[in-house]
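Structure record follows, encoded as structure tokens.
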Amino acid sequence: DEEIIGVIGIYDDITELKQTTFRENLRTKILEMLTEEASLSDTLMVLVLGVEEQEPDARCSVLLLDNDGKHLAIGAAPNLPNDYNQAITLAEIGIGVGSCGTAAFTGERVIVENVHEHPYWQPYLALAEQASIASCWSEPIKNGHGKVLGTFAIHHQRPHAPSPTDIQFIEQMGKLAEIVIERCRSNEELKLAFMVYQTSSEGMMIVDGESRIIAINPAFTDMMGYTLDELANKDAQFLQSDRHEAKGTEGMAEQLAAAGKWQGEIWNRRRNGEIFPAWLTINTIYDNGGAVHRRVFLYADISEKKKNEEAIWHQVNFDQLSGLPNRRMFNERLEQAIKKSKRDNSKLALMFLDLDRFKEVNDTLGHDIGDLLLEEAANRLVSCIRETDTVARFGGDEFTILLPDIADLGNIGRVAHTILEAMVKPYQLGIEKAYVSTSIGISLYPDDATDAASLLKNADQAMYAAKHQGRNRFNYFTPAMQIAAQHRMRIANDLREALAEQQFRVHYQPIIELATGDIYKAEALIRWQHPHYGLISPFEFIPIAEETGMIVEIGDWVFHQAVDQVAQWRALHHRDFQISVNKSPVQFRNSVRNDIAWYEHLNALELPGQAIAIEITESLLLEENSIITNCLQESLNFGMQVSLDDFGTGYSSMSYLKKFDIDYLKIDKSFVSTLSAGNCDLALCEAMIVMAHKLGIKVIAEGIETFEQLNLLIQAGCDFGQGYYWSRPLPAEEFDAFIRKEKGRSGAKDG
Ligand code: C2E
Ligand code: MG
Ligand code: MG
């Protein structure tokens, strides 16, 4: 009758369904976030809040294991108190460190139904109390290799045991958290890698297994000038330049095949055709079957680095001032040239040059001008030689020249002549003009030596000889010169004994007053009677005594001899008798206050300072060292007179005559010896005399040998004369005899 008699109701428990739907939704949402590359913390937050939404009386957390593997950090725990969270991050994980600390440490799930009764929680009861936590289930989050990444935990306010569904749930949430953590981290790594790739200053290119270009980074485009459009699918070979200076590219293919790696220097060609050096590193990525999947090319542009290296190389091997090779470079080239000569059986010449009196230019005109002169000298030298020769600045004012492949020995002399001529021309340096000559020593391979060091040493020695012979000349190194050098050494040794062995004598040369013919002055000149070599000229041994410093002692000895002598001759011949002694610059330099000792010695013998005159050379006046010039000034203060010896041969600066109180100027014998009526030397002598007189200085002419010279000098107004015309330097007794004879002669004439 279709009448309702009852109702049947079927109740279906859909909790599980709802839960499942909910979880599915949560999972979908999370996976969406992952594909959208949301950050790790945002995604974990959604996960935790999602779980809490479903379990309203639960509070949830994801903790992440730090890189150190010992601490947990908060991944997401929005509804747990801060103090609690902080305490968790501070504790080192381990068994008994709450549920999460233990789970992270052991990698096992930890279910604590009641924290008050569980040993893991005993240290944290106060915190749990504060945070209203009564139970805590913690699921370790592990990656595919079983490595713990962190924990997923659910907390309840009341003691709570999980049902099997609950266990399943936290297990699933742990899995989901693992996916989130792993994906986010690898996303971040990818982003980082991409950023490195995009912003790297090294050019990167990726090719496939067939060597076809599939990707390049912006730095590559900057470096090479190509965009990917232009290169895509082209063979990498396309970029290689034709230049094959690159080291080791031959082995590239073999090494890549064998080890998948190669690195080395290559020449790259930019899009605009420019070729540049690059450092290339190639690495290979293989596919699962072991075939080449990708190769990664890393290019570093090393043209700047190469330029710097070249600059440094230049600095190390070249002289900055002159631009010439330096000593180091020269030695290298010399070594090479010697090897080549040995191979070819050819000769080479080595020249050692030293500018004469360069120091004077530096001292008088200043170092800047000196530098200019060196530059100019370097240019002149370069212009005198062939392209295959090497000129180097060896140091200071020393230069060396290497002349390889000498076919005709005569050529060497011709080159040397050319150099001397070029170098002696006046140097116009800004507004200053300077005159400098050059001395050259020459050694030959293989005649004089067969190794670089000896060739240099011998050339240096030959140069020294050239200086000794008067400068502005060249000299070959010959065995005879070596003997001479050895002789010098022997003399230096013998000099040490000469004083004690009483081998020195002092000879006296009269200085004649030209107007009257009176003789009341003499120059003391030392003589050395060597037991084997006989009489040795002071020209030979004084420079050696100066080099060794022995000149100080020797000079003192001469002075004492002269003082004894002058006392005697003042009594015997003339009450104003004066003896002049030569004093070397070294004596001023090496014995400060020596002038006082001399003065006191004169005083002790009751002789006035005027009894002695000191002969100095011009170079002393150029000294910048004030100790020396002060000493000189003091000598003057003591009344000792000062003669300027060898005047006209050095720098002869008038301003120095004014600066010091010079009494006598000695015209060098080189002017006197060539004197003749109307010639240039006479004009020079006349000028020197006029100038000296204007400055209140008396003039002594040295080296008068003839009557003609004497007459010309008298006419020029010269005050005193000295020379063989009257007498050679004589031992004291002979000097006495000479004066008596002269007196007798003038007496007879007068009579
Ligand atoms: P100087 O001071 O210029 O001495 C003059 C030199 O000229 C002396 O040479 C003398 O013998 C030489 N002479 C003199 N008249 C004539 C002449 O008419 N014709 C020629 N051709 N020569 C003449 P000497 O004695 O050989 O001395 C050479 C140099 O040695 C001296 O040049 C002086 O610079 C140095 N000397 C000599 N004795 C001493 C000394 O006791 N101490 C120092 N420091 N140097 C000394
Ligand atoms: Mg002298
Ligand atoms: Mg002289």
Side-chain angles (χ1 to χ4, degrees), residues 468 470 491 495 498-499 503-512 514 519 521-529 534-566 578-591 594 598 612-620 635 641-650 662-675 699-710 713 718 720-732 734-735 738:
H468 211 66
I491 287 191
L495 259 180
L499 211 56
Q503 292 165 2
F504 290 125
R505 305 274 176 275
V506 180
H507 286 191
Y508 299 91
Q509 189 174 31
I511 296 172
I512 288 88
L514 296 183
I519 303 174
K521 285 187 194 300
E523 178 173 6
L525 293 158
I526 192 167
R527 297 290 175 262
W528 182 15
Q529 189 64 43
L535 202 62
I536 300 180
S537 158
F539 279 127
E540 194 176 326
F541 71 84
I542 293 287
I544 300 173
E546 286 177 338
E547 275 165 33
T548 56
M550 274 179 290
I551 189 69
V552 175
E553 247 182 290
I554 295 172
D556 275 341
W557 179 81
V558 172
F559 172 76
H560 284 91
Q561 297 293 305
V563 170
D564 288 350
Q565 200 55 65
V566 81
Q578 181 183 57
I579 294 180
S580 56
V581 292
N582 294 285
K583 194 166 179 181
S584 130
V586 180
Q587 285 171 271
F588 285 93
R589 220 171 285 144
N590 287 15
S591 59
N594 159 282
W598 284 19
I612 293 290
I614 292 170
E615 296 200 4
I616 58 167
T617 49
E618 287 168 272
S619 61
L620 190 66
S635 303
Q641 293 196 304
V642 173
S643 299
L644 198 52
D645 209 351
D646 306 340
F647 190 79
T649 57
I662 306 287
D663 300 280
Y664 304 98
L665 189 152
K666 297 188 83 168
I667 298 179
D668 191 67
K669 52 182 168 292
S670 59
F671 296 94
V672 176
S673 66
T674 46
L675 270 188
V699 180
I700 304 171
E702 282 186 325
I704 301 179
E705 293 185 358
T706 66
F707 185 63
E708 190 199 0
Q709 291 162 357
L710 171 62
L713 285 162
C718 187
F720 297 92
Q722 175 183 355
Y724 297 169
Y725 175 72
W726 293 279
S727 166
R728 291 180 173 263
L730 300 168
E734 288 179 37
F735 188 93
F738 170 80

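Counting convention: from 1, in listed order, for ligands and their atoms alike.
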Worksheet item: Is there a heavy atom of Glu546 sitting under 4.0 angstrom from any atom of ligand 1?
Response: no
Worksheet item: Hey, is Arg527 one of the residues with a heavy atom under 4.0 angstrom from ligand 1?
Response: yes
Worksheet item: Has Glu615 got an N/O/S atom less than 2.8 Å from the Mg ion (ligand 2)?
Response: yes
Item to complete: Over 60° means perpendicular and under 30° means parallel, so classify the ring planes of Tyr664 and Phe720, tilted if in between.
Response: perpendicular
Worksheet item: What do you reckon, is CD of Glu553 surrounded by more than 12 foreign heavy atoms closer than 6.0 Å?
Response: no
Practice prompt. Give a yes/no verdict on whether any heavy atom in Pro729 is under 4.0 Å from an atom of ligand 1.
Written response: yes
Worksheet entry | the Mg ion (ligand 2) reached by Asn582 (N, O or S, under 2.8 Å) | yes
Worksheet item: Do side-chain atoms of Glu734 reach the backbone of Pro731 as a donor and acceptor pair under 3.5 angstrom?
Response: no
Fill in: Polar contact flag for Tyr725 and ligand 1 (N/O pairs, less than 3.5 Å)
no
Worksheet item: Is Lys666 salt-bridged to Glu615, going by a charged N under 4.0 Å from an acidic O?
Response: yes
Worksheet item: If you measure from the Lys or Arg side-chain nitrogens to the Asp or Glu carboxylate oxygens, is any gap between Lys669 and Glu705 under 4.0 Å?
Response: no
Worksheet item: Which N, O or S atom name in Asp645 marks its closest approach to the Mg ion (ligand 2)?
Response: OD2
